[in-house]
Amino acid sequence: MASTSSLALSQALLARAISHHGSDQRVSLVPSSLSSRCASSRRRNAASMTKLRSLPLPRPLLVRAAAVETLETSTDSSIVDKSVNSIRFLAIDAVEKAKSGHPGLPMGCAPMAHILYDEVMRYNPKNPYWFNRDRFVLSAGHGCMLLYALLHLAGYDSVLEEDLKGFRQWGSKTPGHPENFETPGIEVTTGPLGQGIANAVGLALAEKHLAARFNKPDAEVVDHYTYVILGDGCQMEGISNEAASLAGHWGLGKLIAFYDDNHISIDGDTEIAFTENVDKRFEALGWHVIWVKNGNTGYDEIRAAIKEAKTVTDKPTLIKVTTTIGYGSPNKANSYSVHGAALGEKEVEATRNNLGWPYEPFQVPDDVKSHWSRHTPEGKALESDWNASFAAYEKKYPEEAAELKSIITGELPAGWEKALPTYTPESPGDATRNLSQQCLNAIAKVVPGFLGGSADLASSNMTLLKASGDFQKATPEERNLRFGVREHGMGAICNGIALHSPGLIPYCATFFVFTDYMRGAMRISALSEAGVIYVMTHDSIGLGEDGPTHQPIEHIASFRAMPNTLMFRPADGNETAGAYKIAVTKRKTPSILALSRQKLPQLPGTSIEGVEKGGYTISDNSSGNKPDVILIGTGSELEIAAQAGEVLRKEGKTVRVVSFVCWELFDEQTDEYKESVLPSDVSARVSIEAASTFGWGKIVGGKGKSIGINSFGASAPAPLLYKEFGITVEAVVDAAKSFF
């Protein structure tokens with residue numbers, strides 16, 4: 001009963017989907033051997049189907065199906081069927097062995113994925129990092145066995161049979177969601193839904209930008225597509241709409257997204273929570289939209305859709321592919337139960353019988369292996385041809401080739417850091433956001449892969465590159481990115497840019513408090529080793545009158561707790577330049593710069609070199625590494641610590657003032673260096689930071705004192721706020737005197 005009932009429901013759902021498009025074309029959701037067994041069940045379930053059809057429907061769509069036109073292919077249809085089923089059963093077997101995973105998506109998406117990897121995409125399995133390869137992103141990362149199966153069939157050394165058998169196990173190359181740092185051939189880390197489609201927008205942006213900058217009428221050295229598969233969950237997440245909106249605005253014509261339209265999410269049919277007209281939404285966002293009605297067996301429909309998508313060069317394309325989740329499973333297809341759990345031994349056997357698959361677990365038929373084996377020599381030839389083209393390009397356009405090579409390899413120009421500005425105590429004081437802008441513009445002059453922008457706050461974050469225009473649909477060669485008010489999408493797009501090529505160094509900006517809107521993307525930056533630079537201004541109550549909605553309190557502490565993240569809070573110009581020097585060179589670690597709105601002095605003792613240590617002494621009148629007290633500050637409060645030190649010295653005390661600009665870098669230093677800054681036998685330590693005191697106990701020790709703010713801020717001028725919250729020289733002096 002379960003089998004035939006679910007299939008009746010499956011057919012009713014597809015009938016409903018087709019009716020939305022005004023078509024009466026009939027499409028088989030299941031193999032004929034199975035559908036013939038469903039007739040009696042369909043009669044028994046007539047009442048439930050009638051109820052289903054009575055559900056309120058969205059208004060009819062005007063999106064057409066793909067024209068019946070095929071890509072040029074000589075592939076025998078029988079080998080395609082066999083190849084598609086190989087993908088399905090590699091996923092089924094791996095999930096079954098692990099007793100964990102998501103088999104439904106690979107079973108439903110196998111046809112479109114096969115056509116992409118076997119017939120369309122250009123790549124070299126033996127060099128997953130070849131620059132001009134097509135990129136593929138599985139935004140619905142839970143279905144990662146689809147991707148692992150494809151990499152295995154295509155001949156990637158990173159996914160051997162033993163890796164498939166180790167799916168989701170300790171130390172395997174096949175973790176539970178795709179991880180670019182773990183498995184060569186994976187472009188970006190996906191799992192949190194919606195991140196992947198936004199990453200794909202970043203990858204496509206990078207291609208369009210580099211092509212506009214470096215291609216010549218007689219030499220096209222940048223020419224590749226970005227493909228992505230996303231599901232209903234990705235569509236529901238707001239980040240996907242942010243990113244898709246920008247993709248349409250920018251006209252990313254080499255971005256082709258496949259929407260796995262299977263009407264199922266974890267809680268059941270999407271009818272319970274997701275009934276919008278996705279096609280019309282994407283059309284409104286500036287995308288070309290195609291509907292493939294039969295994603296289960298309609299190979300020619302899929303091929304025709306891809307061919308049509310490639311003819312549309314002025315906008316991205318969404319190919320909506322109607323599929324059956326868990327296709328081929330007699331009792332679980334088209335149900336939430338196949339989404340996130342193994343089929344179970346009996347259902348695996350039933351699925352093998354249903355799809356006519358006589359092979360043992362993890363066995364790939366010899367003719368399928370032979371068919372896919374051509375990708376190794378073909379990929380080698382593709383890369384070899386490109387290398388020859390680039391060599392000719394290099395001879396004819398040596399300056400452009402040198403810049404592009406820097407971006408491809410990640411090798412920074414020699415001496416680039418000498419362009420960073422330096423300051424003396426006599427230099428005019430300024431807000432660190434303004435000093436940041438000086439650094440950004442200096443870096444852009446000497447680092448060819450440096451580009452970025454703000455979430456509609458460029459004039460406040462001070463992030464415009466003065467020598468560049470705006471990256472727009474008609475001017476993709478420019479380096480100022482206008483993200484609009486889309487913080488989450490902005491962060492994820494920058495992850496895609498950073499992971500496109502080692503020498504692309506994106507930065508993005510907003511008010512520090514609005515990292516709350518983009519934290520998901522920032523965490524993925526850290527996890528996927530994407531060296532994005534986050535330029536976060538208005539870093540404390542020092543922003544003043546905008547009040548507690550805009551005043552970050554807990555944010556610094558939260559990012560210090562995030563692995564593989566550098567949290568900088570520079571105090572002046574030299575420290576800002578030092579932070580950028582590190583951020584540019586750390587290509588596998590994102591950096592966050594918390595910058596002030598208010599003007600700050602250029603302090604004696606600060607240095608670019610000091611920032612590299614994370615924490616360092618800026619002034620000290622003690623000897624023998626035994627000061628009476630150590631005062632520690634960051635950002636705008638380092639000035640307060642320095643002033644308090646002068647007061648105490650006038651009273652005869654020996655005082656060391658320490659800048660703790662980046663805790664993470666200090667943690668990397670030797671024990672000897674740490675002891676030279678914070679001697680273990682000096683317990684008289686006072687920290688001051690206009691933020692949460694959470695975590696400072698690690699620095700000041702059990703007997704030390706931390707001055708900070710452990711409540712929300714308030715709306716008032718900044719000087720009054722500092723006084724009312726006790727972020728003052730007097731507070732530091734009083735805390736220090738409590739030790740004497």
Side-chain angles (χ1 to χ4, degrees), residues 425 429 432 539-542 544 551-553 556-557 560 569-572 575 594 596 598-606 610 614-622 625-663 666 677-679 682-711 713-714 716-740:
T432 51
D539 70 334
S540 72
I541 59 169
Q551 293 165 350
I553 298 295
I556 296 175
R560 286 172 178 156
R569 191 161 183 254
D572 63 3
E575 288 202 340
S596 75
Q598 72 272 34
K599 183 181 294 187
L600 302 175
Q602 311 293 350
L603 296 172
T606 61
Y616 66 105
T617 299
I618 67 165
S619 67
D620 188 5
N621 67 331
S622 69
N625 202 26
K626 294 182 179 179
D628 293 328
V629 65
I630 301 174
L631 307 181
I632 309 166
T634 74
S636 47
E637 290 73 67
L638 184 60
E639 175 194 8
I640 294 174
Q643 291 175 348
E646 289 303 311
V647 171
L648 292 167
R649 288 168 188 151
K650 289 178 181 177
E651 296 180 5
K653 302 300 181 183
T654 58
V655 182
R656 176 176 296 170
V657 179
V658 172
S659 169
F660 240 65
V661 60
C662 180
W663 292 20
F666 187 76
V677 177
L678 298 177
V682 179
S683 60
R685 304 178 186 179
V686 179
S687 69
I688 182 167
E689 186 173 62
S692 169
T693 60
F694 185 85
W696 273 104
K698 168 186 172 181
I699 308 301
V700 301
K703 296 182 180 180
K705 297 183 180 298
S706 294
I707 298 170
I709 304 172
N710 292 312
S711 64
L720 179 59
L721 290 172
Y722 269 73
K723 178 181 178 182
E724 293 295 332
F725 282 100
I727 311 297
T728 63
V729 171
E730 293 76 17
V732 177
V733 170
D734 290 344
K737 286 183 176 180
S738 70
F739 295 111
F740 309 141

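Note: hydrogens, waters and symmetry copies are ignored here, and every other heavy atom, side chains too, is used.
You'll find the side chain of Ile630 stays beyond 4.5 Å of the side chain of Val677, heavy atoms only. In this structure the side chain of Tyr722 reaches within 4.5 angstrom of the side chain of Ser636, judged on heavy atoms. Residues Pro719 and Gln598 have side chains not in contact (no heavy-atom distance under 4.5 Å, counting atoms from C-beta outward). Looking at heavy atoms from C-beta onward, Ile707 lies out of side-chain contact with Glu637 at the 4.5 angstrom threshold.
A donor-acceptor contact shorter than 3.5 Å links the side chain of Arg569 to the backbone of Thr634. Gln551 places no side-chain N or O within 3.5 Å of a backbone atom of Gly542 that could act as its donor or acceptor partner. Not one N or O on the side chain of Ser687 forms a donor-acceptor pair closer than 3.5 Å with the backbone of Ile632. For the pair Asn710 (side chain) and Ile553 (backbone), a donor-acceptor distance under 3.5 Å is absent. Side-chain atoms of Thr654 come within 3.5 Å of backbone N or O of Asp628 as a donor-acceptor pair. Counting only distance, with no hydrogens or angles, the side chain of Thr728 and the backbone of Lys723 share no donor-acceptor pair below 3.5 Å.
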I'd like a table of donor-acceptor pairs (distance under 3.5 Å, sequence neighbours excluded) in which one partner is a side-chain atom from residues 730-740, with atom names and distances.
from, atom 1, to, atom 2, distance (Å)
Lys737, NZ, Glu651, OE1, 3.2
Lys737, NZ, Glu651, OE2, 3.3
Ser738, OG, Ala735, O, 2.5

Let me check something: any side-chain donor-acceptor pairs from residues 640-647 under 3.5 Å, sequence neighbours excluded? List them with distances.
from, atom 1, to, atom 2, distance (Å)
Gln643, NE2, Glu639, OE2, 3.2
Glu646, OE2, Arg649, NH1, 2.7

Check your understanding: Between Ile688 and Val686, does a side-chain contact (heavy atoms from CB on, under 4.5 Å) hold up when you go through it step by step?
Key -> CA-CA 7 Å; Ile688 182 167; Val686 179; 5.7 Å; no
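Partners of Phe725 by ring pair (Phe, Tyr, Trp, His ring centres under 6.0 Å), not counting sequence neighbours: none found.
Note: Trp696 and Phe660 have tilted aromatic rings, judged against thresholds of 30 and 60 degrees for the angle between ring planes.
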